[in-house]
Amino acid sequence: MKPPMNPPMKLWEKNTPLDALVELFTVGNDRTMDERLARWDVVGSIAHATMLGQVGLLPMSTAQALVQELSTILQEIDAHGISIEDGVEDIHSQIELELTRRLGDVGKTIHVGRSRNDQVAVDLKLFLRHEMRQLRSDVHARIKIMLDVADEHGTTSLPGYTHYQVAMPSSFALWVGGYAEALLEDLRVVDMAIDAANANPLGSAAGYGTSLPIDRQQTTRALNFDRLHVTSTFAQMSRGRTEKLVAMAMAQVASTLARFAMDVVQYMSQNYALLTLPDHLTTGSSIMPHKKNPDVFEVLRARCNRLQSLPTELALVQTNLPSGYHRDLQFVKDRIIPALDEMRLCVHVAQAMVPHVRPIGGVMHDSRYRYIDSVDRVNDLVAQGVPFRDAYRAIADSIANGTYNAGSPLPDHVPNDASAAIGSPGNPGITLLRERWVSSHPSSHLNSNSNSRSESSTS
Ligand code: ARG
């Protein structure tokens with residue numbers, strides 16, 4: 001974009017220039033954050049200008065000139081990004097300045113019937129909807145990788161633990177399938193966040209509407225929103241609330257990934273020796289030559305655990321905020337935007353690592369697992385007609401007096417057993433999860449408004 005012809009003024013500046021310290025402090029890093037919202041600001045403005053022309057608040061030729069120039073600006077942003085000039089307060093001011101430079105007085109007409117308060121609110125809705133749809137599709141792809149891995153190595157026996165104590169026989173499919181199902185459930189929470197972002201606050205102006213006959217339903221349709229935020233007061237209050245729901249969805253996905261990472265770190269320990277990672281994905285020690293550390297999973301755990309603080313942080317920023325716009329809300333932006341990047345990175349790394357996590361196998365002969373099939377022995381007696389509690393007692397006694405006969409160690413592979421209850425080692429239910437995965441595909445779910453062409457459309 002061209003350099004400023006004159007030092008730009010604030011949109012609201014009258015005769016008194018703003019104190020430099022106050023400006024620095026209040027703007028903070030908001031302009032960097034706003035660069036991420038730039039394209040969505042233009043998309044919102046295109047819908048607004050189109051509507052102004054259609055309801056007759058602007059001459060059609062003026063609206064068309066605005067839309068045309070905004071479309072050019074959108075292409076420029078998509079190709080090269082945008083930087084907000086020194087002295088320009090935010091992206092909303094930068095785009096209006098740019099329009100005025102290019103179109104003269106026509107550019108000055110764009111802001112009728114709106115405020116930066118609803119402008120930033122609609123930018124955030126569009127941005128968050130887009131980002132969360134992307135996250136949804138990344139998580140969805142990751143589930144497939146887990147299901148594939150479950151099919152590839154699934155029958156390998158693993159010990160199951162409760163209370164960190166040896167519990168019952170499990171399998172690799174049951175372990176990794178558990179995380180695939182967790183992420184499938186997490187997608188439902190992500191869908192809730194997408195839904196929160198899929199409503200139109202535009203036209204709520206400063207938070208109390210406008211006496212002008214703008215058509216809010218029309219901008220709702222143009223921006224492919226699922227619905228309108230009807231009251232201008234709630235439209236304004238949805239700012240921060242939407243981000244909190246997005247943060248909660250990210251925290252949910254993050255907690256699943258952190259837990260998965262924790263399992264891998266623990267099961268790679270020599271004391272468990274259940275899983276292995278190829279050498280090129282492990283890191284070494286500067287002093288201990290033998291080390292092959294699972295840093296990548298520790299860092300995944302740390303990053304994902306840290307992401308889980310986000311809903312609390314965003315809640316605190318908004319604590320006791322009354323209705324209406326408050327500049328405090330700007331300080332949600334510079335947490336949610338980097339967190340979205342962090343989340344995406346974590347999902348990407350998890351996706352890249354999962355296919356390399358392999359069961360070591362051959363572990364069940366270890367004497368620490370000698371009682372792991374005690375429940376099966378109880379069930380054998382039950383099958384012979386012994387009441388469960390008596391069978392339990394008999395096996396417990398045999399363990400206590402040293403006569404428990406576990407027979408041979410459990411095999412290294414759990415045979416498929418369709419007669420076993422679904423969700424147990426012999427019948428882990430990966431096929432059923434795959435069916436759910438197919439039906440939760442992004443294109444078949446909640447994305448009836450996801451047409452990205454129309455999100456950025458100029459009409
Ligand atoms: N940077 C501001 C924010 O994020 C933009 C809206 C400014 N509105 C205002 N009334 N100062 O909230």
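Heavy-atom basis, side chains included; hydrogens, waters and symmetry copies ignored. Start at 1 and go down the list; that is how both ligands and their atoms are numbered.
- Applying the side-chain hydrogen bond (donor to acceptor under 3.5 Å, both in side chains) rule to Asp118 yields no partners; only residues at least two apart in sequence or on another chain are considered.
- Contacts of Asp34 with ligand 1, taken as heavy-atom pairs under 4.0 Å, are absent altogether.
- Considering both main-chain and side-chain atoms, Arg327 never comes within under 3.5 Å of ligand 1 through any nitrogen or oxygen pair.
- At a 4.0 Å cut-off, at least one heavy atom of Arg239 sits close enough to ligand 1 to count as contact.
- The aromatic rings of His140 and Trp437 lie parallel to each other, with less than 30° between the two planes, well short of the 60° mark.
- Sparse packing is recorded around CE of Met248, with 12 or fewer heavy atoms of other residues, nucleotides or ligands lying under 6.0 Å away.
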Atom pairs and distances, side-chain donor-acceptor, residues 105-113, under 3.5 Å, sequence neighbours left out:
from, atom 1, to, atom 2, distance (Å)
Asp105, OD1, Lys108, NZ, 3.2
Thr109, OG1, Val106, O, 2.6
His111, ND1, Arg114, NE, 3.0

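- Close approach of ligand 1 to Lys333 (heavy-atom distance below 4.0 Å) involves ligand atoms 1 (N), 4 (O).
- Distances from ligand 1 to the non-hydrogen atoms of Asp30 include at least one value under 4.0 Å.
- Heavy-atom proximity to atom 8 (N) of ligand 1, evaluated over Asn117, Ile91, Val120, is greatest for Asn117.
- Relative ring orientation between Trp175 and Tyr179 is described as perpendicular, the plane-to-plane angle rising above 60° on a 0-90° scale split at 30° and 60°.
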